[in-house]
Amino acid sequence: MICYAIGDSLYLNVTNRCTNRCSFCIRATKHGIGDGMDLWLKQEPTAAEIIADLEKWNAGQYAEAVFCGYGEPFLRADVCMEVARYIKERWHLPVRVNTNGHGNRACGRDITPELVGLFDTVSISLNAKDRAQYEALCACDFGEAGFDEMLDFAKKCKQVGLSVVLSVVDVISPADIEACRQIAADMGVTFRVRHMQGNEPA
Ligand code: SF4
């Protein structure tokens with residue numbers, strides 16, 4: 001399933017690949033969310049296929065479009081940007097991406113200036129208060145450097161004027177959540193605690 005609706009948001013599932021293997025990721029235990037939503041892609045859709053699906057869903061009736069999981073959307077950043085441009089030109093919708101913040105590393109370039117005008121909100125999974133906790137929770141392909149990469153991506157997104165949200169899942173302790181809240185406050189961005197049983201996929 002490429003597009004799926006939750007409430008008044010339309011979600012786009014562009015890849016099942018990820019640079020992390022988070023212990024709380026619902027990909028490890030489920031094929032999807034809700035009834036009949038199979039988010040395992042048989043093959044990754046092209047931009048044209050995603051756009052064709054958006055048209056079937058009449059995307060303009062939704063309040064926002066969200067690039068999300070199952071997987072890390074910015075492993076296909078060029079596809080995401082092409083589709084986001086279409087969404088902006090066709091429906092003028094707010095566009096959000098839920099990302100693990102490894103897009104620059106995956107693309108081998110700083111993509112953040114290219115996101116301006118295409119994405120309104122970049123919601124980045126902070127997940128942990130420090131490198132060691134991040135690696136323990138996320139088992140990142142880049143090791144503890146994945147934490148630094150994610151924070152650098154968040155800073156660069158803020159610098160280019162994007163609305164940045166740093167999020168954690170409530171699988172860490174209240175004290176650790178507060179430490180994460182402080183990281184977001186120091187960066188001057190919004191902080192969000194996601195519930196483990198929330199309705200958004202990873
Ligand atoms: S929770 Fe997100 S970042 Fe973590 S493994 Fe799942 S898709 Fe990747």
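Atoms within a ligand are numbered from 1 in the order they appear, just like the ligands themselves.
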Polar contact flag, side-chain donor to acceptor under 3.5 angstrom, Glu149-Asn104: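 No pair is found: no donor N or O on one side chain lies under 3.5 Å from an acceptor on the other.
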Listed partners of Gln61 passing side chain to side chain contact (heavy atoms under 4.5 Å, CB included), at least two apart: Asn58
Sub-4.5 Å side-chain heavy-atom contact between Tyr86 and Ile50: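 Contact flag for Tyr86/Ile50 side chains = no.
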Test item: Ile124 and Met150 side chains (from C-beta on) under 4.5 Å apart, heavy atoms: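 Answer yes - side chains close enough.
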2.8 Å cut-off met by an N, O or S atom of Cys18 to atom 8 (Fe) of ligand 1: yes
Cys25: numbered ligand 1 atoms lying under 4.0 Å from its heavy atoms: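 In order of numbering, the contacting atoms are 1 (S), 5 (S), 6 (Fe).
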Metal site atom 4 (Fe) of ligand 1: N/O/S of Cys138 inside 2.8 Å: no
